[in-house]
Structures are given as structure tokens and as C-alpha cells.
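Below is one structure; the comments refer to it alone.
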2 protein chains.
Amino acid sequence: MSISERQKEERALRKERILSGALTVFKTKGLDGATMDEIAAESGFGKATLYYYFPSKEDVFCGILDRGWTQLWESLEEDIHSDTGPRETFINILIKIAKKAQQNRNEYEFMFNAPKAISNIDDSDQDWKSYQHQLYAILKGLLDDGISQGQFPKLDSDLMFKAIGGLFVGLIFMGEKNKDITGGDIEKLLNQLITDPNQP
Amino acid sequence: MSISERQKEERALRKERILSGALTVFKTKGLDGATMDEIAAESGFGKATLYYYFPSKEDVFCGILDRGWTQLWESLEEDIHSDTGPRETFINILIKIAKKAQQNRNEYEFMFNAPKAISNIDDSDQDWKSYQHQLYAILKGLLDDGISQGQFPKLDSDLMFKAIGGLFVGLIFMGEKNKDITGGDIEKLLNQLITDPNQP
DNA sequence: TTAATATTCGACTATTGAGTCGAAATTTAG
DNA sequence: CTAAATTTCGACTCAATAGTCGAATATTAA
């Protein structure tokens, strides 16, 4: 008579609920401004209950990142393993991330910005970090291949990666306005700004 | 027998010392992680002395931003008022900022990233904010002009501004490596990535 | 029904850190 | 030299908040 499947699911659902509440509070109050009391109130539990599901505030925090990066990674796998050329794959992935980021802006803003604001004892033994690194490695690889195949301007790929990464983050997250950027906009921008030397 | 000129200067110097110490602590501990005790220790004063020079922690914080944005603004004025075309002026300014950012990386990282981490009662009555806005307005204007003169790709200038802003920040601040990007690199990247339709 | 198990929670504790206080040391000016 | 003004500071207060405790409630399984 161990825990039933349904019990597991409900527990997971409650965890989700807490993570959502936490995200809301983090968004409005910032990482340190958010208190466990507020998160508890927002998610509809007593504070002590939070600690029944998560051992610490930091674990709530990492829970959000884990969920986000895992989901993102999974949703990208088909694109990653497609057999289109590096340039197309690269751009497809960026567009897909952009779309997901627009649908869940708070979550993605958190995923992309929050980690910088930590200096804790997380010697990269966090799940989300491995997903993040894998994704970055894939993108870097596509960029390298694309450059060597002449599909991108011939530039140092590290530099290019930084530039595109920054460009991308700026595009999605900069500015208060929520005038939605369409997938088309992003595609156009990427194609305009990252010129393909083969297409004159 | 009011305060002498020398006294004023020394006081300003002590303030500088405190700001530098604060910057060091902010860099290692983060905005909220940094304590006034640490800042005091780092800058070589007792804590109470800090409060003799700055009324609150937030004022220390804003002091750094004020100093940074004011200096940056002043150092850019000649470029802003030069009579080169919009594209060239635009790129010159970016290159200049990049160079300054490399010389004072901590300060500039703080200037560009820290403000996001605040949600306080600073209804834009801060000096630094006005300098920041002015600078952004100038850049936006140059971009608009450049686009209408056909010196940039024909794209929505808001979008373009976000993209270039992000690209720039990514280029300077992303990645842990401190392999210095040369001014030449940046110029090359800007010219490669932001293609000039007139130069085929 | 009943006992074990799982879940919930408000009140409490313990720590941390911003800002204050009043007194001491130093500098200035006459 | 002396008194006023300036500068310095360690010790203290006080509020905020992460995390704990033990008891209460709800659910499950037999």
C-alpha cells in the first residue's frame, strides 16, 4: 500500500500550483523581495505546507527552473534531431523558443534572467543547468557548422554566439511594452540581421 | 567660514571610495546579498560613517548609477553633436560605450543590469534615469534617421532597437570569459550583422 | 470503524541586517 | 589654546523573514 498513482499526480499538481504562485510573486517582488509567506498566500497554502513540498526557498526557485528547462528541452528535441541544414535548424530553434517565451513570458524571463542573480552553492549539480548547457552546446554547434559551411558570415563563433544570444534575449525581453512580436517578425529579423552570404 | 573647497573635494573623494567599495561588494554578493557592514569594511569605514555620507543603502546604490551615467553621457557628447551621418554616429557611440564598458566592466555591468532588479519608489526622479533616457532617445533617433535614409535595413525601428540593444549587451556582458573584445571586433560585428543596404 | 498515513497550518524561534545613538576623536578657525 | 564644527564608529534597536514545531484535520486501506 504505497502511494497510489493518483496521489503522486495530485502531489505533483500541488507542487505546480506552488511554483506558479512563486513565479507570480517573484515577478512582482523580485527574487529577494519575494517572501515565503507571500508565495504561500498566492498559491493558496499555509506557509508550513510549502515546506512540506519544498525543503527551502531555493528549492522552490530551482523547481521553476527545472520545470522550464526540462519542458523547453523536450519540446525542442524534434527540431534538434531534424536533418535540415545547420542554419535552418538554428533559426527554427530560436523561433520556437521565441514563441514559447511569448506564451509564458514570466516563466521565460525568469529562466533567462534569474540564474544570474544567484551566487549560491549550486556546483552545477542542478538538473536545469545541464539542460541549459546542452541547449547552448547544440546551438553553438549548429553555429559552428553553419559558419564552416558558409551559411553565416565568417566570424568568430564565440562572438557570434554572444551577439545572437544577446540579440535574442533583447528582442524577447527588453522593453516594457507587450506588443507581441510575431514569429514572422523574429524570422524576418534573424534573416535580415544575420545575413546569409549565399543569398545575395 | 563655510566648508572650504578642499573639504568639499575630500568629502567627494570619500564618497567615491564608498561607491567603489560598494561596487566590489555588489559584484560578489549581488544587490541584496551585499550588506552595509560589508560595504563599510570593504571601503575602510565604520558602518555609521557610511550613513554620514549616504542616507540609505538605496542612495549608495543610486550613487553608483548617477556617477556612471553622468560620466558616460559627458564622454559621449562630442560624438552626439558631431555632424557625421546617423549610421556612423550610431556605430561610433556604440563602439565608445563598448570601450568604456571594457575598461570598467563591473561598473557598466551594474549600470546595465542592476536597475532591472529594483521595484522601489523611484518615480523617475533619479538623475541617472534621465541620462539613460536621453541616451536611449538619441540612439533611437539616430536609428530612425538612419533607417529613413536607407542606411539600415528597412525594419521597424523599435524592433531594431531592441535587437541591437540586446546584441550589444550580450556582446559585452555575456559569458564569464574576459577575453577582451577589441573595438575592431565590435565594429566588424556591427557592420557585418547590421548590413548597410547601400554597400553591396 | 479504526488505525495508520498524508496533508495542512498558525504560532513560534532564531537570525540577519538596515538604520540609529551618543559619545569620542579629529580638524578647523580665531 | 580653545571652542565650534566635522568626521568617525561600535554597540544597540527593531523589523522582517526563513525555517521549525506540534497539534489538528483529512484521506486511505483493511
Problem set entry | Nucleotide dT7(D), atom C1' - distance to CD1 of Ile18(B) in whole Å | 11 Å

Exercise. Near DNA chain C, under 4.0 Å by heavy atom, which residues of residues 35-42 of chain B?
Worked result: Thr35(B), Met36(B)

Problem set entry | Those residues that, when tested against Glu10(A), pass side-chain hydrogen bond (donor to acceptor under 3.5 Å, both in side chains) (two or more places apart) | Arg6(A), Arg14(A)

Problem set entry | Distance below 4.0 Å between Arg11(A) side-chain N/O and dA6(C) OP1 or OP2 | no

For this session: State which residues pass side-chain hydrogen bond (donor to acceptor under 3.5 Å, both in side chains) with Asp59(A); sequence neighbours excluded, sorted by chain then number.
Result: Ser56(A)

Problem set entry | Side-chain donor/acceptor of Lys154(B) to backbone N/O of Ile147(B), under 3.5 Å | yes

Problem set entry | OP1 or OP2 of dT7(C) under 4.0 Å from side-chain N/O of Thr49(A) | no

For this session: Pick base, sugar-phosphate or nothing for Tyr53(B), based on heavy-atom distances below 4.0 Å to the nucleic acid.
Result: sugar-phosphate

Problem set entry | With Tyr136(A) via side chain to side chain contact (heavy atoms under 4.5 Å, CB included) - residues at least two apart | Trp69(A), Phe112(A), Gln132(A), Phe161(A)

For this session: Would you kindly give the CZ-to-P distance between Phe54(A) and dT7(C), to the nearest whole Å?
Result: 13 Å

For this session: Round to the nearest Å and state the distance from Leu31(B) atom CG to dA18(C) atom C1'.
Result: 15 Å

For this session: Please tell me if the side chains of Ile80(A) and Ile93(A) come closer than 4.5 Å, counting only heavy atoms from C-beta onward.
Result: yes

Exercise. So does Tyr52(A) get a side-chain nitrogen or oxygen closer than 4.0 Å to the phosphate oxygens (OP1/OP2) of dT7(C)?
Worked result: yes

Exercise. What residues, two or more places apart in sequence or in another chain, satisfy salt bridge (Lys or Arg N to Asp or Glu O under 4.0 Å) together with Glu78(A)?
Worked result: Lys96(A)

Problem set entry | For atom CZ of Arg14(B) and atom P of dT6(D), their distance in whole Å | 12 Å

Check the interface with nucleotides 26-28 of chain C: list each N/O to N/O pair with the protein under 3.5 Å, or write none.
unit_1  : atom_1 : unit_2  : atom_2 : d
dT28(C) : OP1    : Arg6(B) : NH1    : 3.1
dT28(C) : OP1    : Arg6(B) : NH2    : 2.2

For this session: In whole angstrom, give the distance that lies between atom CG of Leu50(A) and atom P of dC21(D).
Result: 17 Å

Problem set entry | salt bridge (charged side-chain N to carboxylate O under 4.0 Å, His left out) contacts touching residues 135-145 of chain B (sequence neighbours left out) | Lys140(B)-Asp144(B), Lys140(B)-Asp158(B)

Which donor-acceptor pairs under 3.5 Å do side chains of residues 38-47 of chain B form with protein atoms, sequence neighbours excluded?
unit_1   : atom_1 : unit_2   : atom_2 : d
Glu38(B) : OE1    : Thr35(B) : N      : 3.4
Glu38(B) : OE1    : Thr35(B) : OG1    : 3.4
Glu38(B) : OE2    : Lys29(B) : NZ     : 2.2
Ser43(B) : OG     : Ile39(B) : O      : 2.7
Ser43(B) : OG     : Ala40(B) : O      : 3.4
Lys47(B) : NZ     : Asp37(B) : OD2    : 3.4

For this session: Take atom CG of Asp32(A) and atom P of dG17(C), then tell me their distance rounded to the nearest Å.
Result: 11 Å

Under 3.5 Å, which N/O atoms of the protein pair with N/O atoms of nucleotides 11-13 of chain C?
none

Problem set entry | Length of the line joining Lys57(B):NZ and dG17(C):P, which is rounded to integer Å | 9 Å

Problem set entry | Test side-chain hydrogen bond (donor to acceptor under 3.5 Å, both in side chains) applied to Ser75(A) - qualifying residues, sequence neighbours left out | none

For this session: Write down the distance between CZ (Phe61(B)) and P (dA18(C)), rounded to a whole number of angstrom.
Result: 14 Å

For this session: Could I get the full list of salt bridge (Lys or Arg N to Asp or Glu O under 4.0 Å) partners for Glu107(B), not counting sequence neighbours?
Result: none

For this session: Applying side-chain hydrogen bond (donor to acceptor under 3.5 Å, both in side chains), name anything that partners Ser148(B), two or more places apart in sequence or on another chain.
Result: none

Exercise. Below 4.0 angstrom from OP1 or OP2 of dT8(D), is there any side-chain N or O of Tyr51(B)?
Worked result: no

For this session: Report yes if the distance between the aromatic ring centroids of Phe110(B) and Phe61(B) is under 6.0 Å, otherwise no.
Result: yes

